[in-house]
Amino acid sequence: MELSQLFEDLLSIKPIFVNREVLRPSYTPDYLPHRKEQINRMATILVAAIRGETPSNILIYGKSGTGKTAVAKYVGRELERTCEVRRNPCTVLYINCEVVDTQYRVLYHLAGHFDREIPSTGWPTDQVYAEFKNGIDTESRTVIIILDEVDKLVKKGDEILYNLSRINSELDNAKVSIIGISNDLKFIEFLDPRVRSSLGEEEIIFPPYDANQLRDILEQRANMAFRQGTLDPEVIPLCAAFAAQEHGDARRALDLLRVSAELAERSQSDIVKEEHVRWAQDKIELDRIVEVVRTLPTQSKLVLYSMVLLNRKGLTTGEVYKVYKDLCHKTDMAVLTQRRVTDLISELDMLGIVNAIVVSKGRYGRTKEISVSTPTEQTKSVLLEDYRLKSLGGIRLKSVSIPVTQTRLYE
DNA sequence: CTTCCACGGGAACACTGGGGTG
DNA sequence: CACCCCAGTGTTCCCGTGGAAG
């Protein structure tokens, strides 16, 4: 086949997408359905900034995909716009604490917005703090700091939050207020009471979307994303229903819609059908797991591989550790302590790759009961892609001494 | 009531990649 | 240049603790 013909064929297929970008999580729409209440609430608090007062700090709660970030960014953008018109200096800074997750780096980013030259590492933290403080205090202005996923920050100490929440008393010209976004309702319990009261002056809750609301969101975006008539009428309700089961996650719903359409496109279908959605549902989950497993640190991979080899439900830490030690020797890796391996297993649990629950087996002590919750063979092959684990390819469990545990025999 | 095993918190340490000073 | 300081990360060491079988 001639090359030109090859592309001709592909081009003759009518594209399903008009604009794929509007379905991506990074896209912030101009209209946010079913969030009027929250938007108004936030605007009423932040309007103080336009009047030249310091707005209250805000805490925003809600599960993932309930529009917290989108609303915060949207209101922030509008606020900046209004302030600009009124020549009222106001800056909204957005920081995602999952990416920028230490106090040094938060301050480094903040100071960076005010043209302060700071090395990305090396300085004492208080010096960076002072630099940031001086940076904003050069003129009279309001600075709103949006800290997305603050719970990730708090896990490493609440010092920055403490400092930021009382920074106003050290400023002569500028004013600072903080918007914290969290999907963990309990995170505030870990805070110092002083930080808690100051940060939570105002609280806004984002309830999950129900299936109908998700449908509205999807329809609105679908109008921008697709050519007319490329969606089966079943598609949007189904995406909405699936996502509603996952605690009303709009991001998930949009992902589902986008992937469904991509799959339809790839299978050269002119329209997106119900089957594509079901297919997409599986694909998203599998892709996620493959990606997580692939990017695991090597030691975690070894631990996971041990469990995959054992290939049984209700493993105990002791068993896994014995196999793990053996694998370490075979691959020439450093052997970590059991204490550390317990942590690695807990991390795998958090990622949803394994299930681990602590059980007490009476006379036979306390342990974790672990089972791998991903398809064994696929997990195995992804793990073996790592060049450091290559040599484990043909390994059999019999080469590993199976511990004699009477414990396991009766359940 | 004892006993047992591993859980999991916390301190301490090692190491990395950067800075500033003499 | 040598040297020490700093934040951050991953690890080891130490140890108190849970809780049902025995």
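These numbers were taken from a predicted model, which means no experiment stands behind them. Here is the naming used below: chain letters follow the sequence lines, and residue numbers restart at 1 for every chain.
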State plainly whether the residues A:R77 and A:E80 are in salt-bridge range, i.e. N to O under 4.0 Å. no

cation_pi(A:R278, A:F242) dist<6.0 Å, angle<=45: no

Partner of A:T69 under side-chain hydrogen bond (donor to acceptor under 3.5 Å, both in side chains), chosen from A:D148, A:N96, A:T28: A:D148

Look at A:D255 together with A:R252 and state whether they make a salt bridge at an N to O cut-off of under 4.0 Å. no

For the pair made of OH in A:Y108 and P in B:dG18, what is the distance, rounded to whole Å? 11 Å

Check the distance between B:dG19's P and A:L107's CG and give it to me in whole angstrom. 18 Å

I'd like a table of atom pairs between the protein and nucleotides 16-19 of chain C - only N or O on both sides, under 3.5 Å - with the distance next to each one.
| from | atom 1 | to | atom 2 | distance (Å) |
| --- | --- | --- | --- | --- |
| C:dG18 | N2 | A:R366 | N | 3.2 |
| C:dG18 | N2 | A:R366 | NE | 3.3 |
| C:dG18 | N3 | A:R366 | NE | 3.2 |
| C:dG19 | O4' | A:S360 | OG | 3.2 |
| C:dG19 | N2 | A:G362 | O | 3.1 |
| C:dG19 | N3 | A:S360 | OG | 3.4 |

Assess whether a salt bridge exists between A:E385 and A:K301, defined as any Lys/Arg side-chain N lying under 4.0 Å from an Asp/Glu carboxylate O. no

A:E21 and A:R24 ion-paired at < 4.0 Å: yes

Check: A:H247/A:T66 side-chain N/O donor and acceptor closer than 3.5 Å: no

Nucleic acid footprint by protein, nucleotides 6-15 of chain C - heavy-atom cut-off 4.0 Å, B for base, S for sugar-phosphate alone: SSSS-SSBB-

Would you mind checking if A:E139 and A:R141 are paired as a salt bridge, meaning a charged N to carboxylate O distance below 4.0 Å? yes

